[in-house]
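These notes are about the structure you will find just below.
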Amino acid sequence: MSIEFKTVYPGIYDEKEQQLLNETNDFFSGDEEILQQKLARQATGYKGVGGMELNSGIGHIENVLGRNDVLTANKSVNARNPLYTDADYARKTKWGKLMAAPMSQECGALFPLMPRGTDVWISSEEPTERGLDHELTFHKPIFEGDYISSAITSQYITDITDPNGSKVRRFRATGTGELRNENGEVLISGVYRGIETFKVPEDYSKVDDYDGPRSIYYPTYNNWDTERPRHVYTDEDYDLIKGIWAGEYIRGSETLYWEDVNIGDEPAWTCDGPYTDGKKGGPMPGSMTVEARTVLMGEPIVMDVIPGMPGGPMEPPKTELKKDEYGIISVETKGGGMAGPPPRQDNTPPHPNKRASFQNTVGRNLAAKFVTNWMGDDGWLYKLCWRLSFCMDHGRNMFPENFDRPSYLLKVPYLKEAGKFMNTHGYIGDIAITKGYVCDKYIKDGKHYVDLVVWCEEIEGGIFAECYAVVELPSKNA
């Protein structure tokens, strides 16, 4: 049985809405010490009204980074850049030692999880603008041997319902956090934003008659009929992929000066995947992970030497290429497999288009790799912002020009002219072609900055992540 829902306005609530809003704001309030106490209480199983939670993607961090900690994390985001994967190489750069690659370390906070399944706020199942909008600022390098600790500094919500009235109550849920060193200096600061959407019943007494779910998590309401089918890769596709691989460029020790960068420059594309749902993670003692790229491009297979393991380098394994019904090439090795992003699963019925989706960090990690390879050893990634959509109905713009704030893609003239926007999500079976465009350069507080728009496309051109990077570069005149 269907029920009627109110037309709602920002800041205008009935008694039941106001009570739930007050409880929600109270649950998310407090300084970082109080928030940490609440986070610890959640670990014992406590949840707020309607299952609301303080949100920390990784819990509290407090440890000293060993070399293996740094190398393992770095390889998960940028496996081919020696600045982050070769301690001997790193010592010869201006940094003097191995440091953490951007996005290999987190600051420990995410946007808060709002009440779900109540009789006041009922999740909105129809496609509507909702998504994630995050940004990290990198203040100081993080080196092997550093002590790091994290803190949630705030979590709160803001009503951003359409002031003209809407059948959907929309909130921006915001969380902030910091990663600090042993002296309390901020290494990374982050702002994480999620858009949550709800409907408010006209008559609360009839909520039990509602035939839709009160609480909807985004993987469970996908309309797979409207989602793009899985792509079947052809030889021509692999020619394109291998051409991008061949053109990738890790600048390394060749300094990129601010004066040599122009607005409109486009760094060399990168390509990752096709991603499979095979083995995740990097090399372990006694086994290894081999990418299909390594074999297809005739690159040497490098066996990691694990400090403390006897015997020195191991012999490369024998490899065999396999192609599945979607044309995806993988590599079989003794003790090995193909790496991919951990997938999100859902409990919806089988469907030809259905497949697990990428975790939300995949696009931002690819953007960080793209930018750090372009800027070289002497550049500094000062800020990285990224957006992706919750809703995965293919072809719908989750961030239209008048929503919250304009899309980063509008800063790229030819994307704006073509009306391109982020219109999908990344799935198992996809590749990720990462592209970028220099949209601004300027001097601020005596430092020389370059801004880039970065985005990730699947092979058919759909965009599943849009990012914005601020890079500090050396100047010839400094």
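Remember, it's a predicted structure, so these values are computed and weren't measured experimentally.
- Taking 4.0 Å as the cut-off between side-chain N and carboxylate O, R170 and D162 do not count as a salt-bridged pair.
- A salt bridge links D430 to R228: at least one charged side-chain nitrogen sits closer than 4.0 Å to a carboxylate oxygen.
- A donor-acceptor contact closer than 3.5 angstrom is absent between the side chains of N25 and Y156.
- For H448 and E472, the side-chain atoms include no donor-acceptor pair closer than 3.5 Å.
- For the residue pair T176 and T153, a side-chain donor N or O sits within less than 3.5 Å of a side-chain acceptor on the partner.
- In summary, of the residues considered (K420, E466, K435), a side chain to side chain contact (heavy atoms under 4.5 Å, CB included) with L415 occurs for K420 alone.
- Each of K354, E227, R230 was checked for a side chain to side chain donor-acceptor pair (under 3.5 Å) with Y427, and the lone residue meeting it is E227.
- Taking the charged nitrogens against the carboxylate oxygens, K6 and D14 do have a contact shorter than 4.0 Å, which makes a salt bridge.
- The residues R180 and D146 are annotated as not salt-bridged, no charged nitrogen and carboxylate oxygen being separated by less than 4.0 angstrom.
- Each salt bridge (Lys or Arg N to Asp or Glu O under 4.0 Å) pair with one or both residues in residues 362-372, not counting sequence neighbours, appears once here: E106-R364, D272-K369.
- Taking 4.0 Å as the cut-off between side-chain N and carboxylate O, K16 and D119 count as a salt-bridged pair.
- Inspection of the S104 and N74 side chains reveals an N or O donor paired with an N or O acceptor under 3.5 Å.
- Between R193 and E135 there is a salt bridge, since a side-chain N of the basic residue sits under 4.0 Å from a carboxylate O of the acidic one.
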Is there a salt bridge (Lys or Arg N to Asp or Glu O under 4.0 Å) between R116 and E53? Walk through the geometry before answering.
CA-CA 10 Å; R116 297 178 184 274; E53 293 182 59; over 6 Å; no
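- A salt bridge is absent between D440 and K411: the closest approach of a Lys/Arg side-chain nitrogen to an acidic carboxylate oxygen does not fall below 4.0 angstrom.
- Side chain of Y408 to backbone of A469: no donor-acceptor contact under 3.5 angstrom is found.
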Give the intermediate values and the outcome of side chain to side chain contact (heavy atoms under 4.5 Å, CB included) for residues F464 and F358.
CA-CA 10 Å; F464 68 84; F358 287 179; 4.0 Å; yes
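- Judged by distance alone, the side chains of S389 and H425 never bring a donor and an acceptor atom under 3.5 Å apart.
- Aromatic ring centres of W95 and W380: separated by under 6.0 Å.
- The backbone N or O of W224 lies less than 3.5 Å from a partner atom in the side chain of N353, making a donor-acceptor pair.
- Every residue two or more places apart in sequence or in another chain was checked for a side chain to side chain donor-acceptor pair (under 3.5 Å) with Y326, and none qualifies.
- The side chain to side chain donor-acceptor pair (under 3.5 Å) test applied to N373 returns N78, N81, not counting sequence neighbours.
- No side-chain donor-acceptor contact under 3.5 Å links T424 and E458.
- Between K38 and E32, none of the side-chain N atoms (NZ, or NE/NH1/NH2) sits under 4.0 Å from a carboxylate O, so this pair counts as no salt bridge.
- Using modelled atom types, one finds no donor on one side chain facing an acceptor on the other under 3.5 Å when comparing H134 with N360.
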